[in-house]
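Structure first, commentary second.
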Amino acid sequence: MTTLAGAARISQSVLLAWYLRQRDSRRALSLVNEVDNLLRNSPLMPDQRRVVRARMAIIRAEVAALFREFEQAEELLHNARTVFFAMSDLVGEGDTALTESLLALEQGQMERASSAARHAVNRYQLTGDALRSSLAQAWEIYLNAYSDADNTNEQLQALIAISPEPRHPALAALISAAQGEILFSPELTRSAVMYAQASEFARQAGLVRLAIMAAANAGVCLQKLGDFNEAAASYDWAVSRARQTGWPALIGFSLMRLGELLRHLGQLDQSQIVLQEALESLDANKSGIHKAIAQAELANTLLLQGEAEQAARYFASAIGLYREAGSRNNLAEHLICYARALSASDKPEQALAAIAEARQLIIEPSINALGVDISMALAEIHAMHKLPYPSPMTAPNIVLHFLQEALSFGKSLQGWLAPSKLLLSLAEAWSEAGDGQRAFAYAKQAIAADRRERTKQASNWATLMQVRYETECARAEALHHQQLAATLIETTQTLDLLSKIGQEITADLNLDSVCRTLHRHLEALLDASDLSIWLLANDGIGLNLYHKVENGEIQAIQTLIPDRNTRHAARCVTEAQELLFETDGAAADDDASHASKIRTALFGPLVVGDRVLGVMSIQSLNQSAYAERQRLIFRSLCAYGAIALDNAHAHHDLQKTQLQLEQALKELEEASLTDPLTGLKNRRFLSQNIEADVALSVRSYQASSTPEEPTGPKDTDLLMFLVDLDHFKQVNDKYGHAAGDAILVQIRQRLQQVFRDSDYLIRWGGEEFLIVARGTSRDRAEELAERVRNIVAEIPFQLEGDVFIGQTCSIGFACFPFVKAYPRAIDWQDVIDIADIALYSAKHCGRNSWVGLHAEEHAWPELLLCTLKADAQTAILNKELRLSTNKEQETVLHALAKKPEN
């Protein structure tokens with residue numbers, strides 16, 4: 001450019017600005033402004049100047065569209081289109097149509113964007129420009145993939161068939177992006193890889209907008225797969241690159257995705273900050289799906305923060321935008337979220353109205369699965385408010401009615417599997433309704449569903465790792481072929497020899513072995529008694545001497561002292577090209593060092609694709625030892641050596657990845673047994689571990705007791721305590737869910753002060769905890785219950801900002817075996833149910849109390865269990881059941897006579 005002037009400079013400046021329009025928008029505008037000045041005194045003909053100005057107009061239009069200056073962009077496009085049409089410039093018309101497509105996309109006009117892309121295809125086909133035609137087709141396919149994946153896939157496969165490898169990076173980017181969208185629902189793992197590839201190719205091609213969108217979409221896939229680290233990395237790159245561009249829509253879009261991930265990870269305050277910034281970037285738009293989604297994501301975060309009214313306002317705004325855009329799927333989904341926010345804002349009638357509208361929208365097969373969410377939302381709303389009951393209602397209460405409705409609706413959907421969240425809600429609802437048998441059945445189904453969901457997540461991770469590995473292998477293979485084609489010498493004899501050598505070298509996955517093999521063949525083919533191999537350091541800057549041979553002997557690698565060869569190797573890396581050095585012909589003394597006797601040294605970079613892995617050097621005591629033929633052989637072996645070293649590194653990285661995957665699977669298994677908030681174990685952990693404790697306790701009783709003397713051994717009982725925090729909903733309502741979470745975390749710390757490390761501390765659900773004191777005498781049950789009650793009630797709980805509040809709990813307990821003379825008669829699940837009955841009475845006799853239920857020694861197990869669950873008060877009065885409590889016995893007996901409320 002610096003040597004050009006006149007028409008040549010104008011032509012090259014416009015061309016450079018075209019390729020910089022997304023890579024560096026401001027630099028592109030600077031170039032077209034410079035061309036404006038040059039045109040005033042240019043020797044170009046009037047028609048030529050018109051074409052140049054039209055070309056500059058579409059560059060300015062695209063940049064204006066990216067900065068959301070839509071009116072200016074429309075005017076520029078109109079002017080360019082008029083010129084190109086009048087001049088019969090088909091390429092110009094096609095380029096204008098593609099720019100219009102991008103402008104329409106930025107404004108959310110999908111139909112116009114697709115139509116403009118079709119027009120571009122038509123214009124390019126008339127010119128016979130195959131690359132432009134393929135790019136326009138790929139762009140149209142990519143746009144249509146969002147609305148019609150099945151038909152689009154057929155068009156994509158046809159395009160792939162006529163676009164053999166290697167493809168232009170822009171074409172490869174668009175094809176990969178379309179594949180990513182088509183695979184999003186059926187094959188999420190491959191979708192993630194395709195979007196990542198699309199982002200990489202788009203960066204190479206200068207399609208910065210596509211690179212950012214594809215990186216963010218890859219992050220969405222990775223987040224759904226549970227790979228939060230990689231998802232965060234994708235979002236972070238997208239946000240960083242979008243900020244560099246200054247394009248508001250791209251900044252808002254990438255921030256929106258990052259904010260949603262932060263919410264998913266529980267970082268609610270940071271999520272709110274990021275999502276509010278995303279909305280500020282998108283607020284220049286009065287409409288648009290992305291703005292609606294950002295508002296809805298912010299509303300979800302606010303709802304979790306307890307800001308229900310503010311969340312409802314954002315949901316309402318998002319819903320208005322969805323209606324305007326005709327997005328039925330998003331509209332139905334967020335009407336349900338809106339209803340939850342309205343319910344939490346104590347507006348139940350408006351919540352029901354939102355649910356009713358959502359129900360009208362789910363008649364389409366693509367979104368009718370939302371019927372399950374509608375019923376679950378109705379269950380939540382009716383649990384919070386007293387509202388009219390539906391008719392008919394066969395379930396014991398209104399919450400169960402809607403939960404059962406959700407389950408029935410889901411079962412009517414093909415391929416639907418009940419989620420653990422729904423099944424657990426059913427288990428808890430039936431338990432509260434007093435039907436322990438159904439509650440236990442649903443609890444078991446919930447555990448199985450949770451195992452299935454976590455197994456699916458682990459399988460997704462494994463599949464993602466495998467797909468990544470396959471993709472990297474395919475890339476490496478392509479690079480190997482390119483490297484071989486570039487380095488093989490022309491003669492058939494040498495070709496055959498080098499081919500055999502290459503097979504031997506590249507088949508080896510051990511770095512040391514590769515180095516030794518390289519020296520053996522170099523020494524046989526060339527005057528190369530000395531060999532040095534440097535590898536690039538992990539920081540990508542420094543060089544480390546890895547292998548050194550002197551006079552045919554391998555040398556020990558010591559601390560590298562910079563010398564002449566090291567400097568030559570560094571230069572070889574910097575210039576990424578072969579270097580040949582020869583000294584003068586002066587003879588060295590016999591006593592001189594070996595290094596000083598070297599007369600010729602040849603350095604070659606070890607390169608795979610565009611990556612420099614290191615440097616290989618051979619040295620000779622003779623002058624002019626390496627002519628062109630020798631240098632060709634050396635280049636070939638450098639190429640083979642680079643491939644082999646890359647394979648060895650890849651093999652090492654794969655082994656490391658496999659170890660990481662195994663560790664991730666172990667962590668996943670541990671996470672499946674642990675409550676994420678409190679760190680306590682969960683129901684699944686209990687079901688997997690308690691049977692061994694039960695068997696040990698039963699064997700101990702059977703070995704040491706008789707029906708006549710059922711004393712049992714000491715310290716072999718299982719004491720089961722159910723602890724429920726009193727009036728916990730009031731804490732959440734008054735101080736927010738974060739305060740409630742803080743109390744739940746502190747409860748764990750207090751329980752650990754009472755119980756041993758070997759005891760089971762389980763988060764049973766919500767604010768309810770189950771403790772199984774293992775290998776303990778039942779004589780200690782009352783003491784432990786009182787210690788738990790005291791440690792909760794006597795010490796205030798600390799909230800954020802040095803706020804302290806008091807909290808009490810209610811405790812119910814029972815011991816296993818329940819009837820000592822018949823240790824197997826009543827199983828451990830029933831003992832927990834008995835403890836739950838005791839807990840119920842503790843809560844209904846004034847709270848801040850504990851109640852224990854114990855079988856009398858003469859009790860008959862089956863009859864006792866039946867009587868206890870039906871009427872515990874009668875069992876106590878009939879002397880079949882003994883009551884222990886820190887309250888008045890009459891008060892507890894009166895509480896036991898009550899039936900659980902719906």
Side-chain angles (χ1 to χ4, degrees), residues 10-23 25 28 31-32 35 47-66 70 72-107 109-145 152 155-156 158-160 162-163 167-175 177-178 201-202 205-210:
I10 289 173
S11 174
Q12 291 303 310
S13 295
V14 172
L15 184 62
L16 181 58
W18 175 253
Y19 285 111
L20 286 174
R21 66 196 190 282
Q22 287 194 19
R23 285 185 174 93
S25 301
L31 282 167
V32 296
V35 171
D47 284 349
Q48 291 175 314
R49 286 198 293 271
R50 289 181 65 199
V51 170
V52 170
R53 287 197 170 94
R55 174 64 58 181
M56 292 160 53
I58 60 174
I59 294 171
R60 285 174 167 143
E62 182 164 332
V63 174
L66 293 168
F70 297 134
Q72 179 186 355
E74 294 282 6
E75 181 179 355
L76 288 165
L77 274 182
H78 173 75
N79 294 338
R81 187 185 299 111
T82 302
V83 172
F84 288 132
F85 180 79
M87 303 295 294
S88 299
D89 186 336
L90 296 175
V91 170
E93 286 186 64
D95 290 347
T96 305
L98 274 187
T99 307
E100 179 189 359
S101 181
L102 176 64
L103 172 59
L105 185 62
E106 283 292 313
Q107 297 179 87
Q109 301 166 352
M110 292 299 296
E111 187 171 339
R112 179 189 175 192
S114 181
S115 175
R118 282 195 300 275
H119 183 65
V121 172
N122 175 265
R123 298 293 90 184
Y124 292 143
Q125 285 177 341
L126 292 174
T127 68
D129 190 327
L131 177 59
R132 274 188 163 89
S133 179
S134 295
L135 286 170
Q137 289 181 61
W139 175 253
E140 181 186 6
I141 289 169
Y142 167 65
L143 294 177
N144 293 337
T152 301
Q155 300 171 23
L156 180 63
L159 178 61
I160 291 173
I162 62 172
S163 306
R167 299 188 181 97
H168 187 283
L171 182 58
L174 290 168
I175 287 176
F201 285 128
L207 301 177
V208 176
R209 183 189 185 280
L210 179 61

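The structure displayed is predicted, hence computed values, not measured ones. All values below were derived from every heavy atom in this structure, side-chain atoms included, with hydrogens, water molecules and symmetry-related copies excluded.
In this structure, the side chain of Thr82 engages the main chain of His78 through a donor-acceptor pair within 3.5 Å. A donor-acceptor contact shorter than 3.5 Å is absent between the side chain of Ser115 and the backbone of Glu111. With hydrogens and angles disregarded, a donor-acceptor distance shorter than 3.5 Å links the side chain of Ser25 to the backbone of Arg21. Checking side-chain atoms of Arg23 against main-chain N and O of Ala205 turns up a donor-acceptor pair under 3.5 Å.
Across all non-hydrogen atoms, the minimal contact from Ser114 to Asn144 is OG-OD1, 2.9 Å. Residues Ala61 and Ala73 approach most closely at O-CB, 3.5 Å, considering heavy atoms. Here the closest heavy-atom approach between residue Arg55 and residue Phe84 is recorded as N-CZ, 3.8 Å. Listed here is the closest heavy atom pair of Ala170 and Leu207: CB-CD1, 3.9 Å. The heavy-atom pair separating Leu103 from Ala65 by the smallest distance is CD1-CB, 3.7 Å. For the residue pair Ser101 and Ala113, the shortest heavy atom distance occurs at OG-O, 2.8 Å.
Arg123 and Asp95 are not joined by a salt bridge, as no carboxylate oxygen comes within less than 4.0 angstrom of a charged side-chain nitrogen. Salt bridge Arg132/Glu93: absent, no basic N to carboxylate O contact under 4.0 Å.
Here the CE atom belonging to Met87 is positioned 8.5 Å from the CD atom belonging to Gln48, to the nearest 0.5 angstrom. Leu31 CG to Tyr19 OH: the interatomic distance, rounded to the nearest 0.5 Å, is 14.5 Å. For the atom pair Ile160 CD1 and Leu171 CG, the distance stands at 9.0 Å (nearest 0.5 Å).
Looking only at side-chain heavy atoms (C-beta outward), Leu159 and Ile141 come within less than 4.5 Å of each other. Looking only at side-chain heavy atoms (C-beta outward), Tyr142 and Leu210 come within less than 4.5 Å of each other. Residues Glu106 and Arg209 meet the side-chain proximity criterion, which asks for heavy atoms closer than 4.5 Å. Inter-residue side-chain proximity for Leu131 and His168 is flagged as met; some heavy-atom pair is nearer than 4.5 Å. Within the 4.5 Å cutoff, side-chain heavy atoms of Ile58 are placed close to those of Trp18. Between Asp47 and Val51 there is no side-chain heavy-atom pair separated by less than 4.5 Å.
Side-chain polar atoms of Glu62 and Gln22 form a donor-acceptor pair below 3.5 angstrom. Between the side chains of Glu74 and Gln107, at least one donor-acceptor pair of N or O atoms lies under 3.5 Å.
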